[in-house]
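Note sheet for the following structure.
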Amino acid sequence: MSDAHSPRPPRLIVGQTLFFGADPFVVSAHEAAQHDNRGAILIENGKVAARGSAEALRAAYPGVEVTDMGAALLLPGFVDAHVHFPQTAIIASWGKRLIDWLNTYTFPEEMRLADPAYAATIARRYFDLTLAAGTTTVCSFATSDPVSVDAFFAEAQRRGVRAVAGKTCMDRNAPSGLCDTAQSAYDDSKALLQRWHGVGRLGYAITPRFTPTSTPDQLFALGALWAEHPDCLMQTHLSEQVDEIAWVRDLHPEARDYLDTYERHGLLGERGLYGHAIHLTPREVDRLAEVGAAVVHCPTSNSFIGSGLFQMAALKARRLSVGLASDTGGGSSFSMLRTMAAGYEIGQLAGSALHPAQLLWLATAGSARALHMGDKVGSLAVGSEADIVALDLASTPAITQAAARAGDIWQAVFPTIMMGDDRAITGVWVGGARC
Ligand code: GUN
Ligand code: ZN
């Protein structure tokens, strides 16, 4: 059991620090970030109590316990804004596009999580893998079985992590073993959110999988539930693959577009999270911007399943809230380092090279903001929760020799973003407690 919230003496973590005070898509990297070669973070009772130069904080808090991470870069723990923890074991499954991939690999595996022991095993494995990768907050789809939601939240609670999840609702176009009904989706989701939402660091997201697997009745029922619980997030998928969009058009000829199939059922709002959002029409972009909803970029998934190129520059130019996510197991890595690298590569293919500051911001503050928890995680601002990752910027010979040429922090961190893996993660703190 984590001791993240019990009173403990303050402690100082020392290393290189990099804090963002603003969005580097809006202001320059130089204006957005503050870097200190020898910085420190003071932790007290699971929160950031102070930050500054190591020298100043050591002088201000004499006798405080110090953990010196040397030249490691201290950042907010990564925030993964869209994952499917039940797909942990089917990550890297070969050769299918979205709908075939769901039918061949995903649905059979999700059915297995009806067994509480297996669901608990997968939840444990999932948090082992993500914490080892420096990810301290996730927003996950569960399966349609409430057992999987309980397994996820119980494990998150045991680890003391801030986490969001929801029962994935489906009442058509899926195996009968995974299908619920409009009424049971409403009832089960309501019972789960009453059990878990706001308990410690946990939050509930109302979760229709995507338009093709919910009847209009189910979409309406979940829209009604969201209206009754507007402080919950709502997560789903939007415009991931061209075939999927054509299917949605066939199912909903009355709708203006894919997004409209959600809006008509009460499933568009400021606390809505729309995963993928690749092939958006201008009207959909306008509408998302108008309501202040968030879209979530899932770059390793978008290349792995062959979905397309997310239009980061255009969407950020419209001031859309954008999160970054691994989308495991459609995504091919649990690591937000690998996810940032894929985000960079997709940006290049789409015509804009994302700055390292933009990638790091997306993986921390950007995702936290999309999840409406920017005041709690993702920034290490004083008063926020002390979820921290320490990155070794010389974790392999290839990275070391590339970083050796760096003239500034951005050049020093970029080889780790592009080539780093779990070997770069030298420390992870959750609520101030080291994992
Ligand atoms: N669309 C509907 N369900 C899923 C899923 O599980 N993964 C991905 N990548 N897309 C989806
Ligand atoms: Zn997904």
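For ligands, and for the atoms within them, numbers begin at 1 and follow the listed sequence. If you read the sequence from its start, that first residue is 1, and numbering goes on from there.
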Would you call the rings of Phe85 and Phe152 parallel, tilted or perpendicular, taking 30° and 60° as the class edges? tilted
Just to be sure I read this right, does ligand 1 sit under 4.0 Å from the backbone of Trp101, its side chain, both, or neither, counting only heavy atoms? side chain
Of all N, O or S atoms in Asp327, identify the one at the shortest distance from the Zn ion (ligand 2). OD1
Measure the distance from atom 3 (N) of ligand 1 to every protein heavy atom, then report the residue, atom name and distance (to 0.1 Å) of the closest one. Arg209 NE, 2.8 Å
Taking N, O or S atoms only and a limit of 2.8 Å, check whether Cys298 reaches the Zn ion (ligand 2). no
Please list, chain by chain and in numerical order, all residues satisfying side chain to side chain contact (heavy atoms under 4.5 Å, CB included) with Gln235, sequence neighbours excluded. Cys139, Phe141, Ala205, Thr207, Leu273
Aromatic plane relationship, Phe414 with Tyr344 - under 30° parallel, 30 to 60° tilted, over 60° perpendicular: perpendicular
Arg271 and Trp226: side-chain contact (heavy atoms from CB on, under 4.5 Å), yes or no, with the steps? CA-CA 10 Å; Arg271 295 178 84 83; Trp226 197 19; 4.0 Å; yes
Distance check, rounded to the nearest 0.5 Å: Arg209 atom CZ versus Thr236 atom OG1? 9.5 Å
Check each atom of ligand 1 against the heavy atoms of His84 and keep those under 4.0 Å away; list them by number with element. 5 (C), 6 (O), 7 (N)
Check each heavy atom of Gln87 against ligand 1 and say whether those closer than 4.0 Å belong to the side chain, the backbone, both or neither. side chain
Of the side chain and backbone of Leu98, name the one, both, or neither that has a heavy atom under 4.0 Å from an atom of ligand 1. side chain
Could you go through Asp128 and Arg159, starting from their C-alpha distance and side-chain angles, then the distance that decides it, and tell me whether this counts as salt bridge (Lys or Arg N to Asp or Glu O under 4.0 Å)? CA-CA 10 Å; Asp128 282 347; Arg159 314 261 181 157; 2.8 Å; yes
Mind checking whether His276 has a heavy atom under 4.0 Å from ligand 1? yes
Below 30° counts as parallel, above 60° as perpendicular, anything between as tilted: where do the rings of His82 and His237 land? perpendicular
Distance to 0.1 Å, residue and atom name: give those for the protein heavy atom nearest to atom 10 (N) of ligand 1. Glu240 OE1, 2.7 Å
Is the His297 ring parallel, tilted or perpendicular to the Phe310 ring (thresholds 30°, 60°)? parallel
Phe141 heavy atom under 4.0 Å from ligand 1: no
Examine all N, O or S atoms of His237, backbone included, and report whether one is under 2.8 Å from the Zn ion (ligand 2). yes
Quick note on ligand 1: atoms under 4.0 Å from a heavy atom of Phe210 include exactly 1 (N), 2 (C)
